[in-house]
Number of protein chains: 2
Amino acid sequence: MPAISKREQIISHALTLFYQHGFNATGIDKIIKDAGVSKKTLYNHFHSKDELILATLRKRDELFRNNLMRETERLGHTPRERLSTLFDAVHAWFNEATFSGCMFINASAEFSELENPNHLVCAEHKRLVRDYIKSLAQQANASDPEELANQLNLIIEGAIVNAHVEGNKDAAKRAKVMGEVFINMAMKD
Amino acid sequence: MPAISKREQIISHALTLFYQHGFNATGIDKIIKDAGVSKKTLYNHFHSKDELILATLRKRDELFRNNLMRETERLGHTPRERLSTLFDAVHAWFNEATFSGCMFINASAEFSELENPNHLVCAEHKRLVRDYIKSLAQQANASDPEELANQLNLIIEGAIVNAHVEGNKDAAKRAKVMGEVFINMAMKD
DNA sequence: GACCAAGGAAACCGATCTGTCTACACTTGA
DNA sequence: TCAAGTGTAGACAGATCGGTTTCCTTGGTC
């Protein structure tokens, strides 16, 4: 058993390539070349490119949410603070050198039918992120945690679009100010 | 001179195909088949697929903004009202049968480098939409029209993502409620 | 009637796509 | 020692990609 399994190796490189160049634009040959595996090995682990895409999206969901939660909780110590530092974590993400938008928004663009399995994973990811925000809102005793989560999530989505389409690296700062408005509204009553 | 020029005919069909299936996933052969023109004709009017994509995005920008402005102004009669009916126009868009997200967000996903000409047109489109909102905010005597436009725009972007990725047809309703908060804040002082 | 630009149909080009297959090397456990 | 499993390298298949070219028709215009 190698230190990193071939499967993980393939997913890891596919992740980078799909994220930077898109799904349709990234060929299998490029993936196996970067990952340093043979085509046979890839097709031993994944029956098709689509299956690889699915596995890649699932991996990205895991990595992304873990990172978001870790950063949010590292920067803020009370639930109330964390509703705010959520935006700081997002800000840090926007300013990573490899930032290329939200992989799930990007995937939804290429697999636009809602029933498409790849698209479904994207919707699921968005739901899970919102669930996390909701749990923070609940711990902070917001008046309507679900609605606050929906609002903050929507603001973050808007900031992501702003950051990616227009290259606005400060999109999260405005989003934070806007978010505070709703956080305060949900706290005072 | 035909009623509809071949050029417009090609752009029109390319628009539908690119919007529904994406840019990389849509082949030239499919476009010429749908448009009912020969490949020769297409390459007489456009030197490359990329040039066609660029022309298609420009056309979409024109059509989209005209429609957004028309609907917004049909539904609201004062500038203040129109800041609000903007969201109703967006709501109607989300509920069109062919809704498939924002074509410019989608294009930015496939052409992710900011310097890519196709991506630049997307950024320009977003700027123009924001300029329109800003002009409404100015007419409504908002305290900081530019900032209000940035805020409402960000909320709309978030709603678009919500509507497309998760298929939430009511995303614009929440966005409207959220938008009103900032509109009221910018009006009272 | 002569000319010409525009378009249509389709062959063709080289490249690339996803996916399959063969041949061979290496490790590991029985 | 041998069999099985896993890997590599890479040829190959068949389709499709963007794009070029050839040949032919059509519809004006002088």
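So you know, we letter chains A, B, ... as the sequences are listed, proteins then strands, and number each from 1. These numbers were taken from a predicted model, which means no experiment stands behind them.
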Checklist entry - What is the distance from CD1 of A:Ile31 to P of C:dG19, rounded to the nearest Å? => result 11 Å
Checklist entry - For B:Leu42, does its backbone N or O pair with a side-chain atom of B:Lys6 as donor and acceptor, under 3.5 Å? => result no
Next on the checklist: Exactly one of A:Leu154, A:Ile160, A:Val161 should register a side chain to side chain contact (heavy atoms under 4.5 Å, CB included) with B:Glu157. Which one does?
Outcome noted: A:Val161
Item to check | Derivation of the salt bridge (Lys or Arg N to Asp or Glu O under 4.0 Å) call for A:Arg80 and A:Glu180 | outcome: CA-CA 10 Å; A:Arg80 169 66 182 79; A:Glu180 299 283 4; 3.4 Å; yes
Checklist entry - Can you name the residues that form a side chain to side chain donor-acceptor pair (under 3.5 Å) with A:Asn67, not counting sequence neighbours? => result A:Arg70
Checklist outcome for this item: Under a 4.0 Å heavy-atom cutoff, the residues of residues 7-20 of chain B touching DNA chain C are none
Item to check | B:Arg7: side chain to side chain donor-acceptor pair (under 3.5 Å) partners, not counting sequence neighbours | outcome: none
Item to check | Residues touching DNA chain D, which here means a heavy atom under 4.0 Å, drawn from residues 43-53 of chain B | outcome: B:Tyr43, B:Ser48, B:Lys49
Item to check | Atom of A:Ala55, atom of A:Phe46 and distance for their closest heavy-atom approach | outcome: CB-CE2, 3.8 Å
Checklist entry - Around atom NZ of A:Lys33, are there more than 12 heavy atoms of other residues, nucleotides or ligands at under 6.0 Å? => result no
Checklist entry - Just by distance, do the side chain of A:Thr56 and the backbone of A:Leu52 share a donor-acceptor pair under 3.5 Å? => result yes
Item to check | B:Asp170 side chain reached by B:His91 side chain, heavy atoms, under 4.5 Å | outcome: yes
Checklist entry - When the distance from CD1 of A:Ile32 to P of C:dG19 is rounded to whole Å, what number comes out? => result 13 Å
Which protein N or O atoms sit under 3.5 Å from an N or O of nucleotides 9-16 of chain D?
none

Next on the checklist: So B:Thr41, base contact, sugar-phosphate only, or nothing? Heavy-atom distance under 4.0 Å.
Outcome noted: sugar-phosphate
Checklist outcome for this item: Applying side-chain contact (heavy atoms from CB on, under 4.5 Å) to A:Asp144 and not counting sequence neighbours gives A:Glu146, A:Glu147
